[in-house]
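Since the structure comes first, as structure tokens, the remarks are kept for the end.
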Amino acid sequence: MEAGQESNSISVIHRLVTDEYGENYWFNGCAGYVMECLGEKDYDYWFFAGVTGDLFTQQYCTKTYSGDALSSFEMDRAPKQFVRDTFAKCGYEAAFVSGQELEQNAEMYLQELVTYLDRGIPVIAWGQLTGVYVGYEEYGRRLLYISGNSDQPGRLTLEEALQKTVCWSRDAGGQGGWVFVGDKKESPSLAGIYRNAIADIPRHFAVRTDLFCFGAQAFGAWAEDLENGRFDGVTAEEFDLWGDYTNYVCVLATNGSCSHRFLERARELNPDMGWLEKVENLYGRTGRMWNDDNGKDLEAMGGGFRVTLVTLQDKRAEIAEVIRTCGACMEEVLRILNSSLSASQADLKP
């Protein structure tokens, strides 16, 4: 590609994610897209879904809906550190530029974005628009982007792009911004990356704030809220199907059905981690409790993706029991990880 053109686009244009295949965590789709354009074949969507912890970590918002995945919460809490740390695991430098920074230095960051696109490297957009910028027109005054399941770029003026990012940061409480993935500084061991990602799971499970919690405690809080009548007195107009309930079902279904991808690769790369098969079985068990448990699963009892407010009010005890059992599976996952990782560390000592 020639720099300084009126318009340009990268050569890799396709869907960001395919949600019917379980690719439901968009940050991982963005990260995998960038790595694909950099020629990194090992760092795809599923790699990042495991490295970020999304693929293993149930979440629950204890007050109001505030995100679909662990990565969403991390991007709100500390995006600069999260972006830097995530790509550093792959050996790359990366920087998050907030909406406020973009607003204050729009021309400078526009030129950086154009330079990246001229080199064939997409730039990640995070916020009201989540996706990757893949091209530009009118010397960057109009930007091309891929988001979600669309396989063709959408278009925004630069002003619209900045507004979506800045307003997300200022009004919605999130940390909108752009992510620039820079130079490769090292080539870390792939086996080590996978091992470290598994070792991070207990840390993710331990996170709890006034607004959200993760892992086994997320299932516990979810079940407790149901049993304590969270939806009593809620009207149909007030009920937010996704924010109040089904986004948690989506995480349960995704992780229970898809985490085996990362776990199997981790075992392949680290033959001494054969105990991960037990972890894989436990995640698979939660997947069946979502949709394949001889009529006792959430979908069978009406507590899955097509749940109604009436069902949540009338079948709260039955639904909560399934959710709590999923939490028990995650408690066992945590026990296996803590004991097996400790034993592995002991084996490594001289």
Side-chain angles (χ1 to χ4, degrees), residues 16 25-35 37-38 40 43 45 47-55 57 59 61 66-117 119 121-133 143 145 147 158 161-186 188 193 196-197 200 203-204 206-212 214:
L16 177 69
Y25 306 133
W26 286 17
F27 178 86
N28 305 310
C30 294
Y33 207 123
V34 173
M35 289 293 114
C37 293
L38 288 168
E40 298 284 3
Y43 304 147
Y45 171 92
F47 169 86
F48 280 104
V51 164
T52 59
D54 288 346
L55 200 51
T57 312
Q59 43 80 275
C61 303
S66 55
D68 296 341
L70 175 61
S71 58
S72 304
F73 293 96
E74 296 292 0
M75 285 294 284
D76 281 348
R77 287 203 304 169
K80 289 184 180 293
Q81 179 178 346
F82 178 68
V83 164
R84 183 174 61 249
D85 292 349
T86 298
F87 287 100
K89 294 172 183 176
C90 310
Y92 280 83
E93 290 184 331
F96 175 87
V97 180
S98 70
Q100 292 90 335
E101 291 171 307
L102 292 173
E103 186 178 42
Q104 294 166 4
N105 298 283
E107 287 299 323
M108 180 182 76
Y109 288 115
L110 173 61
Q111 289 306 310
E112 186 167 2
L113 181 144
V114 166
T115 299
Y116 267 68
L117 295 175
R119 292 167 53 201
I121 305 172
V123 172
I124 296 173
W126 185 263
Q128 189 176 346
L129 167 66
T130 294
V132 288
Y133 290 117
L143 302 178
Y145 67 91
S147 183
L158 175 61
L162 292 174
Q163 182 181 36
K164 286 181 178 293
T165 307
V166 173
C167 287
W168 179 266
S169 299
R170 182 176 294 149
D171 301 330
Q175 292 287 322
W178 292 356
V179 177
F180 296 91
V181 179
D183 295 334
K184 186 172 186 177
K185 294 299 184 182
E186 58 181 336
I193 299 173
N196 290 336
D200 275 341
R203 176 173 60 83
H204 299 321
V207 174
R208 185 173 192 128
T209 74
D210 290 339
L211 299 176
F212 49 81
F214 298 108

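With contacts defined as side-chain heavy-atom distances shorter than 4.5 Å, the pair Arg77/Phe212 qualifies. Looking at heavy atoms from C-beta onward, Thr165 lies out of side-chain contact with Leu129 at the 4.5 angstrom threshold. With contacts defined as side-chain heavy-atom distances shorter than 4.5 Å, the pair Leu70/His204 qualifies.
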>> The test is side chain to side chain contact (heavy atoms under 4.5 Å, CB included); show your working for Val132 and Cys30 and say whether it passes.
In response: CA-CA 6 Å; Val132 288; Cys30 294; 4.1 Å; yes
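The NZ atom of Lys80 sits 10.0 Å away from atom CE of Met75, with the distance rounded to the nearest 0.5 Å.
With sequence neighbours left out, Thr52 forms a side chain to side chain donor-acceptor pair (under 3.5 Å) with Asn28, Asp54. Under the rule for a side-chain contact (heavy atoms from CB on, under 4.5 Å), the partners of Cys61 that lie at least two apart in sequence or sit in another chain are Ser66, Phe73, Tyr248. Applying the salt bridge (Lys or Arg N to Asp or Glu O under 4.0 Å) test to Glu107 and every residue at least two apart in sequence or in another chain returns Arg141.
Across Gly50 and Ala197, no two heavy atoms sit closer than the pair O-CB, 4.0 Å. The shortest heavy-atom contact between Val97 and Tyr109 is CG1-CZ, 3.5 Å. Of all non-hydrogen atoms in Thr86 and Phe82, the two that sit nearest each other are OG1-O, 2.7 Å.
Between Phe27 and Tyr25, the gap from one ring centroid to the other reaches at least 6.0 Å. For an aromatic pair to be called close, the ring centres must be under 6.0 Å apart, and Tyr92 with Tyr43 fails this.
Using cut-offs of 30° and 60° for the angle between ring planes, the Tyr133 and Trp178 rings count as perpendicular. Taking the six-membered ring for Trp and thresholds of 30 and 60 degrees, Phe87 and Phe48 have ring planes inclined between 30 and 60 degrees apart.
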